Amino acid sequence: MNDMAKPPRSRAAKWTRRGFIGAGALAGGALIVGVAVRPGNPVGKLGPIVAGGEGEQLVNSWVKIGADNVVTAIVPHCEMGQGAHSVLAQMLADELDADWSLVRVMQAPADGNYVVTDTARGFVAPGTLDAPDWLEPTWNGLFTKISQLGDVMITGGSSSIRTTGQRTMRIAGAAARQMLIAAAAREWGVAAAEIVTANSTLSHQASGKSAPYAQFAAAAAEEDMPQTPALKAPKDYRLMGTDAPRTDIPEKVTGAAQFGIDATVPGQKLTYAAVRKVPVPGTRIASMKADVAKTMPGVLQILNMGDFLAVVADSYWQAQQALNTVEAEYTRSESAIRSTADQFAAFAAALDQAGDQGGKELVGKGDVAGALSVSAKTFTAEYRAPYLAHAPLEPMNATVWVRDGKCEIWTSTQVPLMARSAAAKAIGLSADDVTMHQPTLGGGFGRRLESDYVVMAARIGLATGYPVKMIWSREEDTQKGLFRCADLSRFTGGIDAKGRLVAWNNVFTQHNDPAEACDAPFYDVPHKSIRVAEAELHLPFAAFRSVDHSQQAFFVECFIDEAAHAAGRDPVEFRLAMLGNSPRHKAVLEKVAAMSGWGTKPAAGRGRGVALVQSFGTIVAEVVEVDMSQGKPRLTQVWCAADPGFAMNPDGFRNQMEGGIVFGLTAALHGEITLKDGAVEQGNFNDYPMLRIDECPPIAVEIINADPVHLGGAGEPGLPPIAPALANAIFAASGKRIRELPIAKHFA
Amino acid sequence: MMHRFALVAIGALALAACGSKVEPPVEQIVLREPGQPAGAAPAAATDLVAAGKAAFAVCATCHAVEAGKASGIGPNLNGVVGRKAGALADFGYSAALKQSGLTWTETELDAFIANPSGKVPGTSMAAGAVSDAERRKAIVAYLASLTP
């Protein structure tokens, strides 16, 4: 997995914020030994901020214990349905020997003390993870500083468990446990080594003494903090690797959970803003006519902000109704791209110009031209992926109150510190004057890595001076946000006389993150050239769940399938033959083949398709069975085998595979954003449909824990294989090869 | 190798956060303050100074008006009517405003608020333009009502 982790060098100069979070470049290579808590225990400074409750005691930055013996894990990542809050607490609680029924989770404040140092470090400098113990505090300190400079408090890249979980929460739990033991040993006058811990209780057998953690919490905070505490070996895990029930579910079931859109401003009456951005990216409002809106009930203010219109009213409904009556004219766009056809023509032109060898080489190996010229058989394929909107259930929104040179913001975000800085900048304040409140996210999917909506709300708040909640309508959310890029990708494959794939030539136009998403280096292919010939995008880009893997896996794994058919071989057997040097990938593929009964003949009219992808450190193979007997694809079953190294919470991990598959099926079957006159055509779920329950097949997931030290992610890796597996199944069932997404439109 | 590039990238991020430029509303139509009974005539019609005080909310993020209070992002505006432009010692004005030679009469204030950088090219007041003449009149009346 390690070689996979290194993006091609040419990419390095292009590190961007997206690069930073999207890159699946968390290399392993480290045993969990040289990890550290930050030197010096800042409980004195942080206590008042995060442990102000009656009887609460902060033991170190990440854990507090209440008088009622409740252990609270302070978690620096956001909760957006992926379950990270609960599983991060589970990891801390295991090292602390805490009683899971008495563990709670608290969202860490958007504060420089809670930057995700280990996420930054895992992506940026995985080599330092092998640092010797004595150097560890130095690296840790350096990356904390860097993260503070860059506002690195980020949830993305399927990284929370494998970075912050492994290298922050576990260490914090283990350190707190050692500090509790030291405090008890001092008080009881016994050797620390004789004290045992279990279920949030300390006990000393010889003297018969025992006490709940709460009793020693305050004394523990005074103890020296071990910087490299001993961590449990997998055989000693009690909570890690179990289906410990998630802490966030009860609130979500009862409806008590507070999402961004539920925000209230204590003691204040809220006002509401509805907004309408310019329809074509990059244009401005030339004029506004608001005569009708001025007379409508509830309206407080009508704003022309240059790049968007806003109506502020007593209720959201009144604001939106009034906004609907506001007429505007817009400046002309400078983009030559007006339609979807224009966009794909721009892609095709870039690829035509690149030809067989042009563009920037990302992966180069052997002699592709030579290998193609002597291949027994060659074939070409061109694949298309459309623009996609994230369509989270909770539309973009933010509540702000700007007053007396200060600003408070309540919003769902994956990047609270970056959002804070962006908002501060937009209203002429310093970041320190802006306080962020971080409710639960009603879906992130990469959309909430961007802060555009937070900035809009802050600008409205500056204009009003009173508390206002800005909410985007569903149409606004679908049309005016940022998008998964569209792309076009061309391949030429060469098969030798023995039916092996020997040449792989590929060029496409969009290269974002992870940098290695365009490659599948686990397959042995001797001659390879993968290139990018960049072409301009009309719509602004945002990372989408699994980012480039979301389109590249479709291109690559359909290409591999076409190669298998060109070679006249079974798609699973063809892939297995290329996995001689990748035993874990081979095991995953064999597992899914066994689960799906791959060798058996499907029922009449049905076919099965397979795909194998590694993304964000996790290897996933999926098989789809599809029934084409009605002339349209109907999925009958999905099987998924995944090797994340070690699933910290297997139920949560399966849940993420299923979620990734369902999200991926929405995109594969239905997802398409198109352009007309430079603007997005779709608006709501009627023309941008989600997968319906009657379209969703049973999904079986099995987990292989092949390496408990080097973990992969969970949030994204389930998605990439599903589109190619489905397209490949349709080919198997019907002989129809789908090279353009979404699939449903080929059967309309 | 990798971390060197990333350091550069993170440095660039930190820099991008500086150099702020506030983009104020191009047009702001205030009909009512929250809490005022719906259907009440716009405040401007009843009491100019009260309407000005409400409309001053857009300025208040940057400007204090209480006598003796320290300047914030913008200079304290208590007693500004009749004052020479750029006169407060506790505020770092732009050279443009300092050397403008203006005295803040009600007419000059009106012109400045209508288009700050048009009236004083090079001013560092990036936000706060008010295009609506009624609201400008109210704000100026409010400023004139403030006594040290």
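Quick note on labels: first sequence line is chain A, next is B, and so on, each numbered from 1. All heavy atoms count here, side chains included; hydrogens, waters and symmetry mates do not. Here the structure is a predicted model, which means the values were calculated and not measured.
Heavy-atom pairs under 4.5 Å with chain B peak, among A:I460, A:N304, A:D307, at A:N304. Chain A forms the most heavy-atom pairs under 4.5 Å with one residue out of B:A64, B:A57, B:P25, and that residue is B:P25. For the set A:M288, A:K406, A:K269, A:K294, the entry with the most heavy-atom pairs within less than 4.5 Å of chain B is A:K294. When each of A:G405, A:G306, A:A463 is checked for heavy-atom pairs under 4.5 Å with chain B, A:A463 comes out on top.
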Worked check of side chain to side chain contact (heavy atoms under 4.5 Å, CB included) between A:L462 and B:V22:
CA-CA 10 Å; A:L462 176 67; B:V22 177; 3.8 Å; yes

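Heavy atoms from other residues, nucleotides or ligands lying under 6.0 Å from NZ of A:K277 number more than 12.
Heavy atoms of A:R284 lying under 4.5 Å from chain B belong exclusively to its side chain. Proximity to chain B involves both the backbone and the side chain of A:I302, based on heavy atoms less than 4.5 angstrom apart.
To the nearest 0.5 angstrom, B:C62 atom SG is 9.0 Å from A:I427 atom CD1. To the nearest 0.5 Å, the span separating CG on A:L303 from CD on B:E27 amounts to 9.5 Å.
For the pair B:E23/A:M305, no side-chain contact is recorded, criterion being any heavy-atom separation below 4.5 Å from C-beta on. Considering only heavy atoms from C-beta on, A:D314 comes within 4.5 Å of B:R32 through its side chain.
Partner B:P34 forms a side-chain contact (heavy atoms from CB on, under 4.5 Å) with one of A:T464, A:T271, A:V312 and no other, that one being A:T271.
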